[in-house]
Amino acid sequence: MEASKVYYTNLRCDNGDSRLHKLTRLIKRAGIETIDFKNKFTAIKIHFGEPGNLAFLRPNYAATVVDLVKELGGRPFLTDCNTLYVGGRKHALDHMESAYKNGFMPYATGCHIIIGDGLKGTDETLVPVPGGEYVKEAKVGRALMDADILISLAHFKGHEATGFGGALKNIGMGGGSRAGKMEMHCDGKPQVDQSLCIGCGACIDICAHDAPYITDGLSWIDQDKCVGCGRCIAVCPTDAISNNDSSSNDKLNCKIAEYTHAICHGRPTFHINIVIEVSPNCDCHGENDLAIVPDVGFFASFDPIALDKACADAVNKQPFIPSSALGEREHCHHDHFTDTHPTTSWKVALEHGEKLGLGTMEYELFEVK
């Protein structure tokens, strides 16, 4: 496959310029104006940020994309689907309230919010996965599939199960309905190393399915109740919880690639990654840890695989921040994301997506001033 074009701009700004102006120039240079937006419903897939997290993308970035889509004649809306786990985004009312509290109000962004899979996360449509090996029909939020055009606007950061979260994670996992998310997560379930457990109960607080419980001062996980979302792994302060299926993260990455392929297939798509505040974990957490590397910049492409690969390469070229979670790890993998979360391999998703025809890991990088 021919190398894809990825466009990049750094964060330096002279007097009279701004990051928002640079973002507009970047996505124009990357070719967004070649899409016919005239009177087309345009889903801008974004993560609104779990309440308490401050690493999510500021609404100003969404407003910049919204303004350009409107200028090109489109009908934009911001969207995300509900979550599996306990928190501020489990159903549409809380999800929209969380989005508004984080600044994503229509008067700030210039468009409305539609929660993709409805009030309770059940408003889904079954979408065939061309060439799918793990999933034949993806369960996707209906509003996301009703849109004529899809734009992914993703915060590029680390992730405890997939290595990093970028365009594929934003679309594939984020676009899945609650049942779709469960399907992607279901291959592996966590277990507790009793020798490391301190019985703090953090796993109980984070679980929406009452799977963890404390007996004799130690945590246990009911495998029948557990859906495998992995939230308990990320919040455990002593790393006592891990997945009992060593291949489950790879399967998750493959399913995310297949969901992304289903959601993008057959309609115009465009992808933007904002590589700033690269936190070690997902924005689904109610907190964000210190960034693992310095801020990098903005990236855009029609190819989500090339885009994610370019962003991963750019992050890996950065020095790690010594006081971050990455700085505390052994640097034996020569990869910032795998060093941060040693049981993950982010390349699996990109390789599987490439095999499906979603895109290519080969890219040419063009800098935009």
Side-chain angles (χ1 to χ4, degrees), residues 50 52-53 82-90 121 134-135 157-165 169 172-174 176-257 259 279-289 325-326 328-330 333 337-346 348-349:
E50 188 68 22
N53 186 297
N82 293 305
T83 62
L84 267 180
Y85 45 80
V86 66
R89 298 175 301 119
K90 192 176 178 182
Y134 296 85
V135 179
K157 68 281 179 188
H159 192 277
E160 55 274 18
T162 61
F164 67 65
K169 177 78 167 43
M173 180 60 73
S177 66
R178 294 193 75 230
K181 289 180 172 67
M182 188 174 293
E183 178 177 42
M184 283 181 271
H185 278 299
C186 70
D187 279 301
K189 297 183 179 182
Q191 60 186 0
V192 182
D193 182 343
Q194 305 297 326
S195 68
L196 298 176
C197 180
I198 58 174
C200 66
C203 52
I204 294 175
D205 294 337
I206 202 65
C207 184
H209 306 278
D210 298 322
Y213 58 96
I214 301 288
T215 299
D216 297 328
L218 298 175
S219 176
W220 303 77
I221 295 175
D222 186 330
Q223 297 292 299
D224 292 331
K225 292 182 178 179
C226 178
V227 300
C229 74
R231 291 276 286 169
C232 58
I233 297 174
V235 300
C236 179
T238 60
D239 293 330
I241 305 176
S242 61
N243 204 302
N244 58 14
D245 180 353
S246 61
S247 66
S248 63
N249 285 341
D250 288 352
K251 293 174 185 175
L252 172 62
N253 266 322
C254 288
K255 289 182 180 181
I256 287 172
Y259 263 69
S279 50
N281 295 319
C282 183
D283 293 340
C284 294
H285 287 258
E287 82 293 323
N288 58 284
D289 200 357
L326 173 59
E328 297 171 351
R329 297 287 190 180
E330 291 185 30
H333 298 95
F337 298 108
T338 306
D339 282 333
T340 304
H341 298 293
T343 63
T344 66
S345 177
W346 54 264
V348 171

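- Across every non-hydrogen atom of Ile204 and Tyr213, the tightest pair is CD1-CA, 4.0 Å.
- Between Asn253 and Ala161, the closest heavy-atom pair is ND2-O, 4.5 Å.
- In this view, Arg89 and Glu50, Asp80 satisfy the salt bridge (Lys or Arg N to Asp or Glu O under 4.0 Å) rule, not counting sequence neighbours.
- Counting only heavy atoms from C-beta outward, the side chains of His185 and Lys255 never approach each other to under 4.5 Å.
- Here the CH2 atom belonging to Trp220 is positioned 4.0 Å from the CD atom belonging to Gln194, to the nearest 0.5 angstrom.
- Here Glu183 pairs with Lys139 under the salt bridge (Lys or Arg N to Asp or Glu O under 4.0 Å) rule; sequence neighbours left out.
- Taken from SG in Cys282 to CE in Met173, the straight-line distance is 9.0 Å, to the nearest 0.5 Å.
- No side-chain heavy atom of Cys232 sits less than 4.5 Å from a side-chain heavy atom of Cys207.
- Looking at Leu218 and Val192, their side chains never come closer than 4.5 Å, going by heavy atoms from C-beta outward.
- For Cys236, the side chain to side chain contact (heavy atoms under 4.5 Å, CB included) criterion is met by Thr238, Ala240, Ile241, not counting sequence neighbours.
- Closest approach of Leu84 to His209, counting heavy atoms only: O-NE2, 3.3 Å.
- The two residues Gly176 and Lys181 have their closest heavy-atom pair at O-NZ, 2.6 Å.
- Taking the side chain to side chain contact (heavy atoms under 4.5 Å, CB included) definition, one finds that Thr344 meets it with Asn249, His341, sequence neighbours left out.
- Residues Asn281 and Lys157 fail the side-chain proximity criterion, which asks for heavy atoms closer than 4.5 Å.
- Residues satisfying the side chain to side chain contact (heavy atoms under 4.5 Å, CB included) test with Thr340, not counting sequence neighbours, are Pro280, Ile292, Leu326.
- A distance of 8.0 Å separates CG of Asp205 from SG of Cys200, quoted to the nearest 0.5 Å.
- In this structure, Thr162 OG1 and Trp346 CH2 are separated by 11.5 Å, a value rounded to the nearest 0.5 Å.
- Between the side chains of Asp193 and Ser195, at least one donor N or O sits under 3.5 Å from an acceptor N or O.
- Residues satisfying the side chain to side chain contact (heavy atoms under 4.5 Å, CB included) criterion with Asp210, sequence neighbours excluded, are Lys225.
- No side-chain heavy atom of Tyr134 sits less than 4.5 Å from a side-chain heavy atom of Met184.
- For the residue pair Asn53 / His285, no side-chain donor-acceptor distance below 3.5 Å is found, with atom types taken as modelled.
- Rounded to the nearest 0.5 angstrom, Asp216 CG and Cys197 SG are separated by 11.5 Å.
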